[in-house]
Amino acid sequence: MSAWSELLSESLGAPAGAASAVERLSVRPGEVAARVRAGGGRGSVHEVSLIRPVPPEPERERVCAALASQPVFRARILAEELPVAADRVFALLGWDLVPRSWDALVATCSCEVWESRCAHLDAVAAALGAEADRDPFALTRWLGLDRRALVARVRTLSPAAAQGPAAPEEAVSGGGAEAPQDVRGGAGQPPSPVPPDAAATSAAVFWSAPAIPAPPTPPGGTGERVRASAPGLVADELPGFGRPGA
């Protein structure tokens, strides 16, 4: 699918031409409310409402975290764009951005048609698709995440934000002969002192193994106490316990 209106048309079966009957459309968390005039603008006016559940705050946080973890979605959302493929992320977490069928909605209309879905509901679904093509964040607002909140949460949860600000050494430029500036106070810091013996800090010295220390000498009488508590070959084989006085 290349457009939100196509996705809505496929899931809700709303013909695109029906949107012309909608005089007013508003989207808020949990509800799409509209006014539809029947008969090509000359008939009666009906009030239509498409109601859906709004995910709780922890679930909305999960969705934002999932979007922030994907570089493509993160970049597009931070640019205040919402690609159609983002619907899959919402769906995988159990919160379809586009309802998969009318069964996922509570749809009401003030007309007298009750035995089947009326044309006014189709008109509102088609108008919602046209609005989503113009502003895809209308669909996230329907789920309780308006554009500003979604962009802010994705920015906060992005990997770059999670790493925190850069260290002072990384934040200042390394070019030029001037000493680095301390970002906290602005004063120049003195260069690190040169070790008196540069060879002592070389890689070869660093990776060389030190001399193995001598084995510790147990206090007097330790061997007898161990043998008394754990007699047999195990205690006899313990190092140092075979010497007199151990």
Handout entry: Student check: side-chain heavy atoms of W4 and P83 closer than 4.5 Å
Key = no

Exercise for the section: May I ask you to decide if P99's main-chain N or O and S11's side chain share a donor-acceptor pair within less than 3.5 Å? Expected result: yes

Practice task
Report yes if some heavy atom in the side chain of L7 is under 4.5 Å from a heavy atom in the side chain of L97; otherwise report no.
Solution key: no

Handout entry: Under-4.0 Å salt bridge between R100 and D87
Key = yes

Problem - Exercise: do E31 and S49 side chains pair donor with acceptor under 3.5 Å - result: yes

Problem - Beyond-backbone contact of R147 with D135, side-chain heavy atoms, under 4.5 angstrom - result: yes

Practice task
Side-chain contact test, heavy atoms from C-beta onward, threshold under 4.5 Å: evaluate it for I51 versus L105 and give yes or no.
Solution key: no

Practice task
Flag the pair R37 and E23 as a salt bridge only when some basic side-chain nitrogen lies within less than 4.0 angstrom of an acidic carboxylate oxygen.
Solution key: yes

Practice task
Keeping the roles fixed (side chain from T140, backbone from D146), state whether a donor-acceptor pair exists under 3.5 Å.
Solution key: no

Practice task
Would you mind reporting whether L139 and V98 have side-chain heavy atoms less than 4.5 Å apart?
Solution key: yes

Practice task
Find the distance between OG (S5) and CD (E131) and round it off to the nearest 0.5 Å.
Solution key: 12.0 Å

Handout entry: side chain to side chain contact (heavy atoms under 4.5 Å, CB included) assessment of L143 paired with V54
Key = CA-CA 5 Å; L143 276 178; V54 174; 5.8 Å; no

Handout entry: Geometric cation-pi criterion, R52 with W142: 6.0 Å, 45°
Key = yes

